[in-house]
Amino acid sequence: LRAGFIVGVLIDQSPRENGVPAKFFGKPCWCTAGPLLAALRARAPIHVLAMSRDSTGRYALEIFPEISMARSGDLRTDLINNSQRCQDAIEALVRRYPGQWLWLHRRWKARPELERRWRERTKPDASRRGNP
């Protein structure tokens with residue numbers, strides 16, 4: 001990222017590790033933390049991209065404006081707020097093209113291990129350990 005290369009990541013996937021809590025279509029879910037953490041640390045912009053099919057069957061790649069990132073100085077807060085901004089952007093695309101969203105996994109499934117880790121990391125002494 002710092003060298004100026006573009007990195008693409010699917011962010012509508014339910015993570016196995018290093019998740020951040022958010023809402024997707026109004027329901028609690030977990031978001032992948034890695035891409036957002038890398039972008040925040042590298043000060044790289046985040047853009048949503050979408051491939052949509054028109055009425056003739058041709059595809060168009062759309063690159064949307066940069067998602068504004070909050071930088072409060074508190075990494076945990078920034079991860080939560082910015083993850084939600086990214087999820088909101090993906091949700092808007094799904095609402096725009098609902099028939100073109102191919103999704104083959106359970107987005108809102110329980111993640112007991114992520115929930116346990118998040119509770120541990122949000123304890124008052126966790127901030128002193130430097131855990132997001």
Side-chain angles (χ1 to χ4, degrees):
L1 288 172
R2 285 190 181 124
F5 290 98
I6 296 172
V7 177
V9 179
L10 299 173
I11 65 166
D12 67 339
Q13 304 295 303
S14 183
R16 293 184 182 161
E17 295 185 25
N18 300 322
V20 177
K23 290 195 175 185
F24 194 57
F25 285 94
K27 295 181 181 182
C29 67
W30 289 91
C31 306
T32 302
L36 182 59
L37 187 57
L40 285 170
R41 286 186 174 162
R43 296 202 168 271
I46 293 179
H47 294 266
V48 172
L49 284 73
M51 290 285 293
S52 59
R53 187 178 55 249
D54 67 19
S55 60
T56 68
R58 297 181 86 144
Y59 287 90
L61 174 64
E62 295 177 82
I63 302 172
F64 294 90
E66 179 180 347
I67 296 174
S68 175
M69 292 289 111
R71 288 186 170 85
S72 69
D74 178 354
L75 180 59
R76 182 178 296 119
T77 298
D78 291 348
L79 282 172
I80 291 170
N81 291 338
N82 293 323
S83 289
Q84 189 61 59
R85 290 174 186 206
C86 292
Q87 295 305 306
D88 291 346
I90 296 297
E91 182 179 325
L93 276 175
V94 174
R95 289 182 186 279
R96 185 172 170 188
Y97 304 112
Q100 297 187 40
W101 189 39
L102 178 63
W103 198 28
L104 302 172
H105 73 284
R106 292 175 29 225
R107 181 67 161 99
W108 295 277
K109 64 184 163 189
R111 291 291 195 181
E113 184 61 21
L114 288 179
E115 292 168 17
R116 184 192 65 75
R117 286 185 201 163
W118 193 260
R119 279 193 308 273
E120 288 294 316
R121 289 175 177 164
T122 56
K123 286 183 180 177
D125 66 334
S127 62
R128 288 191 293 266
R129 291 191 307 260
N131 293 329

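For the numbers below, each heavy atom of this structure counts, side chains included, while hydrogens, waters and symmetry mates do not. All residue numbers in this chain count up from 1 along the given sequence.
- In terms of the salt bridge (Lys or Arg N to Asp or Glu O under 4.0 Å) criterion, residue partners of E62 (sequence neighbours excluded) are, by chain and number, R96.
- Looking at residues two or more places apart in sequence or on another chain, you find a side chain to side chain donor-acceptor pair (under 3.5 Å) between R53 and Y59.
- Atom CG of D78 sits about 10.5 Å away from atom CG of L37, to the nearest 0.5 Å.
- A salt bridge links E91 with R95: the distance from a Lys NZ or Arg NE/NH1/NH2 to an Asp or Glu carboxylate oxygen falls below 4.0 Å.
- Remark: R116 pairs with E113 by the salt bridge (Lys or Arg N to Asp or Glu O under 4.0 Å) rule, at least two apart or across chains.
- Between Q87 and C31, the shortest heavy-atom contact is CG-SG, 3.3 Å.
- Side-chain contact between M69 and C86 is present, with heavy atoms from C-beta onward closer than 4.5 Å.
- Remark: S68 engages no residue in a side chain to side chain donor-acceptor pair (under 3.5 Å) (not counting sequence neighbours).
- Looking only at side-chain heavy atoms (C-beta outward), N82 and V20 stay at 4.5 Å or farther from each other.
- Shown here for A89 and I67, the closest heavy-atom pair between the two residues is CB-CD1, 3.8 Å.
- The CG atom of L75 sits 10.0 Å away from the CD1 atom of I80 when rounded to the nearest 0.5 Å.
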For residues 43-50, which side-chain donor-acceptor pairs fall under 3.5 Å, sequence neighbours excluded?
from: H47; atom 1: ND1; to: F64; atom 2: O; distance (Å): 2.8
from: H47; atom 1: ND1; to: E66; atom 2: N; distance (Å): 3.2

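- Side-chain heavy atoms closer than 4.5 Å link hydrophobic residues (I, L, V, M, F, W, Y) into clusters, and following such links, possibly through other members, connects M51 to I63.
- Note that CZ of R119 is 11.0 Å distant from CG of L114, once rounded to the nearest 0.5 Å.
- Minimum heavy-atom separation, P28 to W108: O-CD1, 3.1 Å.
- Evaluation of the side-chain contact (heavy atoms from CB on, under 4.5 Å) rule for D74 yields S72, R76, T77 as partners, not counting sequence neighbours.
- For the atom pair CH2 of W30 and OG of S83, the computed distance is 10.5 Å after rounding to the nearest 0.5 Å.
- Crowding of I6 atom CD1: a count of heavy atoms from other residues, nucleotides or ligands under 6.0 Å not exceeding 12.
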